[in-house]
Number of protein chains: 2
Amino acid sequence: MRGNLNLLSEMKGHPVTAHRQLLLHLIRNAHDHIDAKELYRRGANEEESISLSTVYRNLQVFKKLGLVEERRLGQMRCYYEIKQKPEHHHLVCQRCGKIVDFESPLIRKLMDEVQHQHGFNVTKK
Amino acid sequence: MRGNLNLLSEMKGHPVTAHRQLLLHLIRNAHDHIDAKELYRRGANEEESISLSTVYRNLQVFKKLGLVEERRLGQMRCYYEIKQKPEHHHLVCQRCGKIVDFESPLIRKLMDEVQHQHGFNVTKK
DNA sequence: GTGAGAATGAGAGGCAATCTCAATCTTCTT
DNA sequence: AAGAAGATTGAGATTGCCTCTCATTCTCAC
Ligand SMILES: [Mn+2]
Ligand SMILES: [Mn+2]
Ligand SMILES: [Zn+2]
Ligand SMILES: [Zn+2]
């Protein structure tokens, strides 16, 4: 169930460890935005426990491999989610922290405007 | 020069201390986005030295009074600038950290769209 | 000038994230 | 299938930004 065969090719040369399988499983089954501490908490409930270092380290690896996207939402921590094909952005409630996915054609127009006016290639936010 | 008479009314009941005059002076003369540590460093060069606690505390006060705006740019720290009349946004270079002010009518259209589609009143970013 | 109440400094504390390094695991080579 | 090279892991130390605590000092209305 969790032993994903595709994972081997997705990891592009990086060793496929039990921890990495567990972490990707947890992120894929989160079905929303999840932070490192919560991943650590959920990982601790599984048969293989996991350290916080490993969570942080592998989130960086997944990010680099293009499997996961890091979202710098709210004030303090980063949230993570499986990388989606159509790019999207986020609304964060200042009161309760609720995160809502957001899409609009205006975003692309805005990014084009930034590119033309300032030469910036927009990658975040 | 630094002893600003308007400041008394701007502070709306909060005591006008030498530290607050110095901090507002430093922010106003920075002419760009400045962080707490840099304010502390520049404050230490003046006749009155200043503690990091006082920098952070007063930035919160200035923010609350509407004199200064807090910008959560980059990864780690907040930057501060004098509150501008026409709202603006920012571009941050991922390589060197350079911050560029940015304005566009598309921003307002986007904020309106968010308001209508999701009921969010956009306040940041 | 006095006094009530607010601001300050120095250091402790909080929290997310990174780093260190010895022990363990993966994978490649025989 | 065993061995070896190289990558990963855990635990705890460390960093960086920021807030909190509280005894002392300052501000301002009277
Ligand atoms: Mn999302
Ligand atoms: Mn600005
Ligand atoms: Zn909410
Ligand atoms: Zn740059």
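Letters A, B, ... mirror the listed sequences (proteins, then strands); counts begin at 1.
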Length of the line joining A:Gln60:CD and C:dA17:C1', which is rounded to integer Å: 9 Å
Got a second to check how far B:Leu7's CG is from B:Leu65's CG, nearest 0.5 Å? 9.5 Å
Indicate whether OP1 or OP2 belonging to D:dT19 is found under 4.0 Å from a side-chain N or O atom of B:Tyr56. no
Just how large is the angle between the end axes of the helix from C:dG1-D:dC30 to C:dT30-D:dA1, five pairs per end, to 10 degrees? 30°
Rounded to the nearest Å, what distance is computed from the NZ atom of residue A:Lys64 to the P atom of nucleotide C:dT18? 11 Å
How long is the straight-line distance from CG of B:Leu110 back to CD1 of A:Ile107, given to the nearest 0.5 Å? 4.5 Å
Are A:Glu38 and A:Arg42 ion-paired here, with the side-chain N under 4.0 Å from a carboxylate O? yes
So, do A:Val55 and A:Lys37 sit near enough that their side-chain heavy atoms are less than 4.5 Å apart? no
d(B:Asn58 CG, B:Leu23 CG) to nearest 0.5 Å is 5.5 Å
Protein-to-nucleotide contact annotation, 5' to 3' order, nucleotides 5-13 of chain D [B base; S sugar-phosphate only; - none; under 4.0 Å, heavy atom]: --SSBBBB-
Taking atom P of D:dT15 as reference, at what distance in whole Å does atom CE of B:Met76 sit? 13 Å
Output the rounded distance in Å from CG (B:Leu22) to P (D:dC26). 16 Å
Check ion pair A:Glu10-A:Lys83 (N to O, under 4.0 angstrom): no
To the nearest Å, how far apart are B:Arg77 CZ and D:dC17 P? 5 Å
Before you tell me yes or no, could you show the steps for B:Glu81 and B:Asp32 under side chain to side chain contact (heavy atoms under 4.5 Å, CB included), namely the whole-Å CA-CA distance, both residues' side-chain angles and the distance that decides it to 0.1 Å? CA-CA 7 Å; B:Glu81 65 182 331; B:Asp32 64 347; over 6 Å; no
Taking C-beta and beyond as the side chain, do B:Arg108 and B:Glu87 meet within less than 4.5 Å on heavy atoms? yes
So if I take residues 33-40 of chain B and measure heavy-atom distances to DNA chain C, which residues fall below 4.0 Å? none
Distance-only polar pair, side chains of A:His88 and A:Glu103, donor-acceptor under 3.5 Å: no
Grab the CD-C1' distance between B:Glu46 and C:dT8 for me, whole Å please. 18 Å
Atom CG of B:Leu59 and atom P of C:dA7: how far apart are they, to the nearest Å? 14 Å
Is a salt bridge present between B:Glu113 and B:Lys109, judged by a nitrogen-to-oxygen distance below 4.0 Å? no
Output the rounded distance in Å from CZ (A:Arg41) to P (C:dA16). 14 Å
Determine the sole option in B:Lys63, B:Lys64, B:Arg77 for which the salt bridge (charged side-chain N to carboxylate O under 4.0 Å, His left out) test with B:Glu70 is passed. B:Lys63
